[in-house]
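If you read the sequence from its start, that first residue is 1, and numbering goes on from there. The analysis underlying the following values was restricted to heavy atoms, covering all of them including side chains, and did not include hydrogens, waters or symmetry mates.
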Amino acid sequence: MAANRRSVPSTHRAHRVEAALADLIPVPRTSSHASLPGSMSRVVDAIGARALWRDGITGRGVSVAVIDTGFAAVPALTGVGKVRAMVDLTHEGVNVDTRNVDTFGHGTHMAGIIAGRDAGAGSDAVCGDRFSGVAPEASLVSVKVGGGDGIVRPQDVIRGIEWVVAHRRELGIRVLSLSYSHDAFEGERLDPVVAAVERAWAAGIVVVVAAGNRGATSPGLSAPAVSPMVIAVGAAAPGSLGQWTAEASTSAGSDRRMPDLSAPGKSIVSLRSPGSYADREHPEGYVDQFRFKGTGSSQAAAVVAGAVALVLDACPDLGPDDVKALLVRSARPLDTLTAAQTGAGLLDVRAAVARARTSVAAADKAGTWTGSTWTGSTWTGSTWTGSTWTGSTWTGSTWTGSTWT
C-alpha cells in the first residue's frame with residue numbers, strides 16, 4: 001500500500017465553502033417538518049426504506065463515517081451508541097469549545113439524513129414530528145475536516161480518509177460519506193484525493209460522494225467523483241404526477257463519467273446546528289428549533305449513504321462492488337433527457353435488497369456464492385463506468401449538498 005501513497009503538492013490551495021447550504025424558498029416557522037415535501041418521512045417512502053424498516057432492516061451494526069464539518073450535539077444524534085467516535089483534523093480541534101463541533105452546519109445536516117433519530121421515533125414510521133434518517137439504527141463516525149470559516153484543505157480530506165481506513169475494523173465502518181469535490185489536481189489518475197478514496201474502496205469501504213452542484217452545463221464531474229471506485233450521486237427533485245427529475249443545480253457528467261444514480265436532494269429537511277454559519281447566514285433554511293432545510297447533491301449522497309447501510313444490514317457479506325452494482329441496477333429510470341445528471345435513475349433501496357437476497361439465495365443453492373458475485377471481468381470496481389454514469393462533489397468549489405461543493 002505504501003507504494004501507492006501520493007503526496008499532496010504544496011501548490012494545492014484550500015477551497016472555500018459556497019454559501020448555498022439552503023435553497024431560497026422560505027418555510028413558515030410554524031410548519032410541521034414531517035409534512036414538508038422534503039421531509040425525511042417523504043424521502044424514506046420515495047426510496048423504499050420504510051418497507052425495509054418494517055422488515056427489521058434499519059442499519060443496525062453498520063457504522064457510517066462522515067467526512068465533513070463535524071456534528072452538533074442535537075437530540076437526534078446523541079442517543080446511546082449513535083456516534084461511535086469523533087476526530088477533528090481542523091484548526092478548531094485545538095480549542096475545547098470547537099473541537100468536533102459543527103460550526104458550519106453541513107455535517108450535522110448530512111448525519112441527520114443518514115442515521116439521525118429522535119427518541120421515541122418508531123422503526124416503522126416517522127411519528128408526528130419525531131425525526132428518523134434513512135438508516136435510523138446505524139451508527140455514525142464524525143471526521144471533521146472543515147470549520148466554520150468554510151475552508152477545506154485537500155490534505156485534511158486525505159488524512160480523514162486514511163483515518164477511516166485505519167479504524168474501520170474497530171469501529172465497524174462499512175460506509176464513507178464524502179460530500180467534497182475539487183478539480184482534479186494533475187489529472188484524475190494522479191489526483192491524491194482520488195487515490196485515497198480508491199484505497200478506502202479497496203479496503204472494503206463503500207465510498208459515497210456527491211456529484212456536485214454546478215448544473216447541467218458542468219464540464220463534467222470533479223474529483224473524487226470521477227473515480228469509478230465510488231458511488232457518485234446526483235440530486236433529484238419531485239416533479240408533477242409523482243415523477244422525479246434532476247434537481248437543476250446537479251452537475252452533469254460527461255461521456256466518460258456521469259453520476260451513478262440519483263436520490264432525493266431538493267429542500268431536504270434534516271438537523272439544524274444552532275449558531276453555525278449556515279444557521280446565521282441562511283435564515284431562509286430555518287424550519288423549527290431542531291430542523292433546517294437544504295438542497296443539493298450533498299443531501300442526495302447522504303440519502304444513498306444511509307441506503308447503503310440498510311443494504312449491508314440485510315446482506316453483510318457484500319463488498320463495495322456488489323453494493324454499487326445492486327443500487328445502479330435497481331434504480332428507477334428518470335427522464336432520459338437528464339441522464340447526464342441523474343445516472344441510472346432514482347434510488348430504490350427496497351428493490352436493491354430484494355435483488356441482493358435473490359442473488360445470494362440462488363448462489364447459495366448453486367454452491368457458488370463468494371460474497372462478490374458481480375466482480376467479474378466487466379465489473380471490477382476499477383474499470384466499470386456504468387456505461388456512462390458518475391457524480392461530482394462537495395459542490396461549489398468544494399462542498400456539495402448545497403454547498404460542500
Assess the residue pair Val226 and Asp191 against the criterion (side-chain contact (heavy atoms from CB on, under 4.5 Å)); give the C-alpha distance rounded to whole Å, side-chain angles, the decisive distance to 0.1 Å, and a yes or no. CA-CA 10 Å; Val226 291; Asp191 187 274; over 6 Å; no

Indicate yes or no: at least one non-hydrogen side-chain atom of [X] is less than 4.5 angstrom from one of [Y].
X	Y	answer
Pro224	Met229	no
Glu92	Thr103	yes
Thr245	Thr342	no
Phe292	His282	yes
Met40	Val269	no
Val209	Val207	yes
Leu176	Trp201	no
Trp244	Pro264	yes

Separation of [Y] [atom2] from [X] [atom1] (nearest 0.5 Å):
X	Y	atom1	atom2	result
His109	Ser273	NE2	OG	11.0 Å
Leu312	Ile57	CG	CD1	11.5 Å
Lys324	Arg329	NZ	CZ	11.5 Å
Ile47	Ser262	CD1	OG	13.0 Å
Leu261	Leu346	CG	CG	8.0 Å
Ser139	Ile173	OG	CD1	10.5 Å

Can you check whether [Y]'s main-chain N or O pairs, donor with acceptor, with [X]'s side chain at less than 3.5 Å?
X	Y	result
Ser251	Ser218	no
Thr108	Leu271	no
Arg272	Gln289	yes

Tell me whether the rings of Phe104 and Tyr277 are parallel (<30°), tilted (30 to 60°) or perpendicular (>60°).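 Judged by the thresholds at 30° and 60°, the geometry between Phe104 and Tyr277 is parallel.
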
I need the minimum non-hydrogen distance between [X] and [Y], along with the two atoms involved.
X	Y	answer
Arg280	Gly275	NH1-O, 2.9 Å
Leu77	Gly116	CD2-CA, 4.0 Å
Ser177	Val64	CB-CG1, 4.4 Å
Ser270	Ile113	OG-N, 3.2 Å
Ala356	Leu318	CB-CD1, 4.2 Å
Ser254	Pro219	CB-O, 4.4 Å

May I have the step-by-step check of side chain to side chain donor-acceptor pair (under 3.5 Å) for Asp102 and Ser276, ending in yes or no? CA-CA 7 Å; Asp102 185 6; Ser276 65; 5.9 Å; no

Between Ser330 and Arg350, is there a side-chain donor-acceptor contact under 3.5 Å, judged purely by atom types and distance?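 Arg350 vs Ser330: no donor-acceptor pair found between side chains.
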
Counterpart residues, salt bridge (charged side-chain N to carboxylate O under 4.0 Å, His left out), relative to Arg174 (two or more places apart):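 Result, salt bridge (charged side-chain N to carboxylate O under 4.0 Å, His left out) vs Arg174: none returned.
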
Apply salt bridge (Lys or Arg N to Asp or Glu O under 4.0 Å) to residues Arg99 and Asp88 and explain how you reach the verdict. CA-CA 6 Å; Arg99 184 182 306 137; Asp88 193 331; over 6 Å; no

Pair [X] + [Y], salt bridge at N-O below 4.0 Å:
X	Y	answer
Asp348	Arg355	no
Lys82	Asp118	no
Lys293	Glu284	no

Residues two or more places apart in sequence or in another chain: which of them pass side-chain hydrogen bond (donor to acceptor under 3.5 Å, both in side chains) with Thr98?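 Checked Thr98 against side-chain hydrogen bond (donor to acceptor under 3.5 Å, both in side chains); zero matches.
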
My understanding is that only residues two or more places apart in sequence, or in another chain, count here; which of them pass side-chain hydrogen bond (donor to acceptor under 3.5 Å, both in side chains) with Asp156?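 So Asp156 forms a side-chain hydrogen bond (donor to acceptor under 3.5 Å, both in side chains) with Arg153, Arg159.
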
So His182 and Ser222, side-chain contact (heavy atoms from CB on, under 4.5 Å) or not? Walk me through it. CA-CA 6 Å; His182 62 254; Ser222 303; 5.9 Å; no

Check step by step if side chain to side chain donor-acceptor pair (under 3.5 Å) holds for Arg50 and Ser41. CA-CA 9 Å; Arg50 194 186 307 277; Ser41 180; 3.2 Å; yes

Can you confirm whether Arg60 is buried at CZ, in the sense that more than 12 heavy atoms of other residues, nucleotides or ligands lie under 6.0 Å from that atom? no

Residues in side-chain contact (heavy atoms from CB on, under 4.5 Å) contact with Ser142, at least two apart in sequence or another chain: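 Checked Ser142 against side-chain contact (heavy atoms from CB on, under 4.5 Å); matches are Phe71, Met86.
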
Residues two or more places apart in sequence or in another chain: which of them pass side-chain contact (heavy atoms from CB on, under 4.5 Å) with Ala263?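 For Ala263, the residues satisfying side-chain contact (heavy atoms from CB on, under 4.5 Å) (neighbours in sequence not counted) are Val233, Ala300, Val303, Val304, Leu347.
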
Test Gln341 against Thr250 for side chain to side chain donor-acceptor pair (under 3.5 Å), laying out the working first. CA-CA 6 Å; Gln341 292 174 284; Thr250 292; 5.3 Å; no

Val141 vs Val83, test: side-chain contact (heavy atoms from CB on, under 4.5 Å). Steps then yes/no. CA-CA 6 Å; Val141 174; Val83 180; over 6 Å; no

Run the numbers on Ile114 and Val134 for side-chain contact (heavy atoms from CB on, under 4.5 Å), then give the verdict. CA-CA 5 Å; Ile114 296 166; Val134 174; over 6 Å; no

Please assess Asp68 against Lys144 for the test salt bridge (Lys or Arg N to Asp or Glu O under 4.0 Å), listing each intermediate value before the final yes or no. CA-CA 5 Å; Asp68 214 291; Lys144 180 177 172 179; over 6 Å; no

N/O donor-acceptor pairs under 3.5 Å from side chains in residues 163-172, not counting sequence neighbours:
residue, atom, partner, partner atom, Å
His167, ND1, Trp163, O, 2.9
Arg168, NE, Ala203, O, 3.3
Arg168, NH1, Val165, O, 2.6

